[in-house]
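Structure, as structure tokens:
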Amino acid sequence: MGNWLVNHWFSAAVLAAWLGINIFLFTYYFLFFDRDEQYFYTRAILGSALAWARASAKCLNFNSMLILLPVCRNLLSFLRGSCSCCRRTLRKQLDHNLTFHKLVAYALALFTAVHIIAHLFNLERYNHSQQANDGSLHAVLSKMHLQDSNKWLNPIHSNQTTVEYVAFTTIPGLTGVIITLALILMVTSSTEFIRRNYFEVFWYTHHLFIVYFIGLVIHGVAGLVRGQTEESMKEVHPQRCAEFLVHKPKECREECCKDPEFGSIPAESWKWVLAPVILYIFERILRIWRARQKVVVTKAVMHPAKVLELQMQKKGFRMEVGQYIFVNCPAVSLLEWHPFTLTSAPEEDFFSIHIRAAGDWTESIIDTFQQQKLEMPRIKVDGPFGTASEDVFRYEVAMLVGAGIGVTPFASILKSIWYRFQQNDQTLKTKKIYFYWLCRDTDAFTWFNDLLASLEQKMAESGKADFLTYRLFLTGWNTSIANNAALHFDTVTDTVTGLRHKTIYGRPRWDIEFSAVATAHPRSVVGVFLCGPEALAKDLQRSCHQHSSLDPRKVKFYFNKENF
């Protein structure tokens with residue numbers, strides 16, 4: 001627990017601040033609407049449901065203001081560059097953008113549920129008060145529109161009006177239904193299962209955020225929930241005059257006999273979301289402009305395990321190691337954009353990605369390139385965008401962990417290292433890299449073998465053979481593969497990869513790996529970088545916490561994960 005607090009104190013502080021603001025907003029506005037005398041008459045009809053509805057609405061506005069910011073990728077890339085001189089702990093917060101985005105989305109779902117339930121009670125009480133004829137205060141307030149159509153507090157003016165009619169014919173009711181449906185579709189389609197297996201469903205339904213924000217802005221325009229106006233409060237204060245609405249004496253002071261006047265609660269949602277919406281619009285305009293710039297596919301290579309490598313060029317394109325781009329292929333889909341980590345190095349005169357068949361879109365784009373022999377299909381590119389892997393050269397020691405196609409960001413890093421060795425770069429801060437690659441089948445190793453073989457040779461020639469230690473783990477294997485490996489155990493090169501390091505059959509024992517690194521580098525700050533599944537991320541994060549020393553002079557492990 002101590003190590004967790006040391007490594008994640010800033011994340012905990014951000015989370016605590018966000019929770020604190022939500023709690024403050026809800027508590028403050030709950031007490032305001034539950035006690036303020038301006039809403040004395042409104043509470044006479046609605047009771048405490050008024051406070052529940054209004055307090056949750058304020059929290060909805062606050063979280064709606066935040067929901068777009070974590071997905072403004074250009075903004076995050078700019079901040080990452082601006083924070084290049086900041087402390088590591090501060091920069092790492094940018095890597096949690098999607099986690100925070102999901103957290104805010106769950107908060108929106110929670111406060112929406114509270115808001116809806118509260119308003120269902122409100123509508124029922126409005127309806128009950130309209131039908132009441134017992135001379136009570138809520139009944140009298142509900143009949144005030146009969147004396148003056150402009151003086152009304154209860155939006156239901158007829159005994160025949162139903163709750164359903166109000167919900168589906170008024171602006172607040174109809175927009176509320178639309179907002180709720182959009183939010184339900186966005187949240188449910190964002191589950192891990194849908195995103196992994198039906199990405200198109202997730203992609204298209206997530207664009208309902210446009211409907212959500214339009215509905216949010218106009219939701220409170222009609223102002224069905226009302227309170228006593230400030231001018232009326234000065235003349236007809238409810239504490240002194242409420243009883244006269246129910247029991248009007250023949251003689252009384254004039255100010256006590258006047259009926260109160262009511263006004264709508266002003267719509268405020270637009271004030272909360274205006275700035276982030278404008279920022280997001282500029283973000284999308286920039287992305288559209290960049291996507292329209294011409295991309296030339298210079299080479300398409302089909303690797304084993306159905307992996308397509310695309311090498312491309314684009315005027316003005318500049319990248320750093322570990323960054324990613326969004327790719328669109330109009331021949332496959334005009335609207336779908338998918339993220340891919342760049343596998344090329346900044347030193348190369350092209351940029352490349354590797355696409356593995358993992359769904360309808362990826363299979364379609366691979367088939368499209370295989371079928372086109374004379375002319376390459378057109379590709380649109382947006383990016384590049386920054387990730388945690390950009391910081392790899394800030395650590396003296398780095399542990400790179402890739403699972404399957406998750407090796408792609410480390411291909412970029414290792415290529416860049418190879419070029420730096422070629423150029424005898426003396427500014428390279430990193431002194432040692434441990435590279436782990438987990439694959440289910442032997443075919444997946446083949447497209448990466450050439451790079452590792454070149455690195456082995458170059459580092460041996462440069463006298464830095466110990467710079468890179470890599471371990472390849474074959475997690476899916478059968479008896480014949482194991483028997484073949486056993487027969488050729490004494491050979492210099494591995495039977496699967498042809499490399500000097502032998503393939504390991506099974507999964508890594510991370511406690512042993514981290515202990516070995518900690519022993520070899522007792523006073524170093526070690527950066528652990530992962531591009532892989534969430535289950536593996538949890539194992540690595542736990543190992544980072546367990547093997548980091550509380551003593552600032554001893555070994556520290558910092559976990560970094562690709563998120564896009």
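Atoms considered below: every heavy atom in the structure, side chains included; atoms not considered: hydrogens, waters and symmetry mates.
Scanning both residues, His138 and Ala132, for their nearest heavy atoms gives CE1-CB, 3.8 Å. The minimum heavy-atom distance linking Gln323 with Glu320 is given by the pair OE1-N, 2.9 Å. Residues Met186 and Leu208 share a closest heavy-atom pair of SD-C, 4.0 Å. Taking both residues in full, the closest heavy atoms of Ile67 and Ala105 are given as CD1-N, 3.7 Å, listed atom of the first, atom of the second, then distance. Taking each heavy atom of Ser129 and Asn154 in turn, the nearest pair found is CB-ND2, 4.0 Å. Closest of all the heavy-atom pairs between Asn328 and Leu334 is ND2-O, 3.5 Å.
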Which donor-acceptor pairs under 3.5 Å do the side chains of residues 46-58 make with protein atoms, sequence neighbours left out?
from  : atom 1 : to     : atom 2 : distance (Å)
Ser56 : OG     : Trp52  : O      : 2.8
Ser56 : OG     : Ala53  : O      : 2.9
Ser56 : OG     : His115 : ND1    : 3.3
Lys58 : NZ     : Glu268 : OE1    : 2.3

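Looking only at side-chain heavy atoms (C-beta outward), Ser333 and Glu200 stay at 4.5 Å or farther from each other. Side-chain contact between Tyr324 and Ile353: absent, with no pair of heavy atoms (C-beta onward) separated by less than 4.5 Å. Contact of the Trp270 side chain with the Val277 side chain is not registered, since no non-hydrogen atoms from C-beta on lie closer than 4.5 Å. Counting only heavy atoms from C-beta outward, the side chains of Glu261 and Glu231 never approach each other to under 4.5 Å. Looking at heavy atoms from C-beta onward, Pro384 lies in side-chain contact with Phe317 at the 4.5 angstrom threshold. A 4.5 Å side-chain heavy-atom check between Val225 and Tyr126 finds at least one atom pair inside the cut-off. Annotation: side chain of Ile325 is in contact with side chain of Leu342 (closest heavy-atom distance under 4.5 Å). At a threshold of 4.5 Å between non-hydrogen side-chain atoms, the residues Arg287 and Trp337 do not count as touching.
Gln38 places no side-chain N or O within 3.5 Å of a backbone atom of Glu230 that could act as its donor or acceptor partner. Put simply, the side chain of Ser548 never gets that close to the backbone of His545: no donor and acceptor are under 3.5 Å apart. Between the side chain of Arg378 and the backbone N or O of Ala331, no donor-acceptor pair lies under 3.5 Å. At distances below 3.5 Å, at least one donor-acceptor pair connects side-chain atoms of Lys429 with backbone N or O atoms of Arg394.
Taking CD from Glu534 and CG from Asp539, the interatomic distance works out to 10.5 Å, rounded to the nearest 0.5 Å. Taking NE2 from His128 and OG from Ser142, the interatomic distance works out to 9.5 Å, rounded to the nearest 0.5 Å. Note that the CG atom of Leu274 and the CG atom of Leu279 stand 11.0 Å from one another [nearest 0.5 Å]. Taking CD of Glu336 as the reference point, atom OH of Tyr204 lies at 4.0 Å (rounded to 0.5 Å). Distance CZ/Phe26 to CG/Leu60: 10.0 Å, rounded to 0.5 Å. To the nearest 0.5 angstrom, Ser269 atom OG is 7.5 Å from Ile179 atom CD1.
Note: Phe213 and Phe209 have perpendicular aromatic rings, judged against thresholds of 30 and 60 degrees for the angle between ring planes. Between Tyr29 and Phe32, the two ring planes are perpendicular [angle over 60°; tilted spans 30° to 60°].
With sequence neighbours excluded, the residues forming a side-chain contact (heavy atoms from CB on, under 4.5 Å) with Met65 are Phe62, Trp272, Pro276, listed by chain and number. Every side-chain contact (heavy atoms from CB on, under 4.5 Å) that Val201 has, sequence neighbours left out, goes to Ser189, Ile194, Tyr198, Thr205.
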Stepwise side-chain contact (heavy atoms from CB on, under 4.5 Å) check, Thr42 with Phe262
CA-CA 10 Å; Thr42 314; Phe262 305 103; 5.6 Å; no
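Within 6.0 Å of CZ on Phe168 lie no more than 12 heavy atoms contributed by other residues, nucleotides or ligands.
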